[in-house]
**Q** 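Right, I'll just put the structure down here and ask away after.
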Number of protein chains: 2
Amino acid sequence: MLEAAAREKALHEAEQACARRGAQLTPLRRQVLGLVLEAESPVGAYALLDRLKAARPGAAPPTVYRALDFLLEHGLIHKVERLNAYIGCSDAGHGHAHDHGHPHQFLICRRCGATAEIIDHAVAHAIAAAAERAGFVVSEATVEIEGLCARCAAA
Amino acid sequence: MLEAAAREKALHEAEQACARRGAQLTPLRRQVLGLVLEAESPVGAYALLDRLKAARPGAAPPTVYRALDFLLEHGLIHKVERLNAYIGCSDAGHGHAHDHGHPHQFLICRRCGATAEIIDHAVAHAIAAAAERAGFVVSEATVEIEGLCARCAAA
DNA sequence: AATCGGATGGAACACTATATCATCGGGCGA
DNA sequence: TCGCCCGATGATATAGTGTTCCATCCGATT
Ligand SMILES: [Zn+2]
Ligand SMILES: [Zn+2]
Ligand SMILES: [Zn+2]
Ligand SMILES: [Zn+2]
């Protein structure tokens, strides 16, 4: 997802964001975040586990799931439900001070697997309005749009 | 989800819709659809399997997954990704003649589990516009809104 | 020192979904 | 009628995803 330099920057910003929030981005959590950020596409928990084992042979499923839970909780990553996979937040640390991420949407390419996070306020507003009309109090909305990315659609 | 009378009606309409499409709603598939429709909330594949075993002791995971695939394919049910569960389409057979369902959104109550399908064109249009702007060709969009339903929010 | 709480180690297990091969049975042409 | 094809089902095994539970460690507090 990110090149080495951008990744280091993102990790540093994550540290600062956690510090501001009184959360500890421990070495393990930071390492898992690094693995998520260096993946090309959303990455599954067991793929992360395999990579994590290179550095920590004793790692087991709870190791990675606990780290993922922390990163989700603090808005540093998102889960892509349709893929059962995780991806770095493209907007991590940029303000929104609440507990679990922020409104966002994903564009998932069926062909190449590229997944882009977008933040479209019109979509968010339409969802809020539709829920409101039903007397529903929104806490979080999953929006995952599947199809062909610009590159693959052109080919 | 539906009372016995409404369920029978829905099953009958499903048969007609399948006949029109040249698909066979076999006894097994019809039975699984019936189990989905009689569930109170979205129901998992293995819960369906347990119930199916009452009538078909030999049923196994592929039995139910194959039936679910057929029902999804023909737009008779939807999958709720956040719950890994399945729910009857509230609009089955009402026109849309394409292969895999239709644009829709779910309102999922965190407290009571009630899940309602809505069809909000403003949401669909906002999603189409956002994708268009990114040069993305939409094939299907998952919209799952989590929060508190009107009943639970009032309490 | 005693205690407490968050973080990690580690084994086992639960839940969700698919792969693969065998079998059955209706439709259809030789 | 016989043989063949093909979609549906039976049955076993396996893959993939996520959780529970208990133990341990370590720094902070009292
Ligand atoms: Zn984000
Ligand atoms: Zn693509
Ligand atoms: Zn529907
Ligand atoms: Zn509710």
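Every chain is numbered from 1, with letters handed out A, B, ... down the list of sequences.
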**Q** So for atom CZ, which belongs to R111(B), do other residues, nucleotides or ligands contribute more than 12 heavy atoms lying within a distance under 6.0 Å?
**A**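 No, not enclosed.
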**Q** Which label fits H104(B) and F106(B): parallel for a plane angle under 30°, tilted from 30 to 60°, or perpendicular past 60°?
**A**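 Ring orientation, 0 to 90° scale: perpendicular.
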**Q** Look at atom CD of E13(A) and say whether more than 12 heavy atoms of other residues, nucleotides or ligands are closer to it than 6.0 Å.
**A**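 Yes.
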**Q** Considering only heavy atoms from C-beta outward, does the side chain of C89(B) approach that of H102(B) to under 4.5 Å?
**A**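 The answer is yes; the side chains approach within 4.5 Å.
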**Q** Does Y65(B) put a side-chain nitrogen or oxygen below 4.0 Å from OP1 or OP2 of dA17(C)?
**A**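 Looking at the OP1 and OP2 atoms of dA17(C), one of them is under 4.0 Å from a side-chain N or O of Y65(B).
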**Q** Which residue lies toward the 5' end of DNA chain D, N84(B) or T63(B), if each is placed at its nearest nucleotide?
**A**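 Here T63(B) is the residue nearer the 5' end.
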**Q** What are the 5'-most and 3'-most nucleotides of DNA chain D lying under 4.0 Å from any heavy atom of chain B?
**A**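 Listing 5' to 3', DNA chain D meets chain B from dG7(D) to dT12(D).
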**Q** Scan F70(B) against the nucleic acid and name what it touches under 4.0 Å (heavy atoms): base, sugar-phosphate only, or nothing.
**A**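 F70(B): no heavy atom of the nucleic acid under 4.0 Å.
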**Q** So how far is it from D91(A) CG to E117(A) CD, rounded to the nearest 0.5 Å?
**A**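 CD of E117(A) is found 7.0 Å from CG of D91(A).
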**Q** Near DNA chain D, under 4.0 Å by heavy atom, which residues of residues 22-41 of chain B?
**A**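 Heavy-atom contacts with DNA chain D come from Q24(B), T26(B), L28(B), R29(B).
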**Q** Quickly work out the D69(B) CG to dT16(C) C1' distance and round it to whole Å.
**A**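 Between C1' of dT16(C) and CG of D69(B): 13 Å.
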**Q** Go through residues 45-57 of chain A and report each residue with a non-hydrogen atom lying under 4.0 Å from DNA chain D, sorted by number.
**A**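 Contacts with DNA chain D under 4.0 Å: Y46(A).
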**Q** Surrounding CZ of R151(B) (heavy atoms of other residues, nucleotides or ligands, distance under 6.0 Å), is the total greater than 12?
**A**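 At most 12 heavy atoms, drawn from other residues, nucleotides or ligands, come within 6.0 Å of this atom.
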**Q** Has H12(A) got a side-chain atom pairing as donor or acceptor with E8(A)'s backbone, closer than 3.5 angstrom?
**A**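 Checked: no pair found.
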**Q** Return yes if a side-chain donor-acceptor contact under 3.5 Å exists between Q24(B) and R29(B), otherwise no.
**A**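 There is no such pair (donor and acceptor under 3.5 Å, judged by atom type) between the side chains of Q24(B) and R29(B).
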**Q** How are the rings of Y46(A) and Y65(A) set to each other: parallel, tilted or perpendicular (split at 30° and 60°)?
**A**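 Judged by the thresholds at 30° and 60°, the geometry between Y46(A) and Y65(A) is perpendicular.
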**Q** Hydrogens and angles aside, do R110(A) and S139(B) bring a side-chain donor and acceptor to less than 3.5 Å of each other?
**A**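 Yes.
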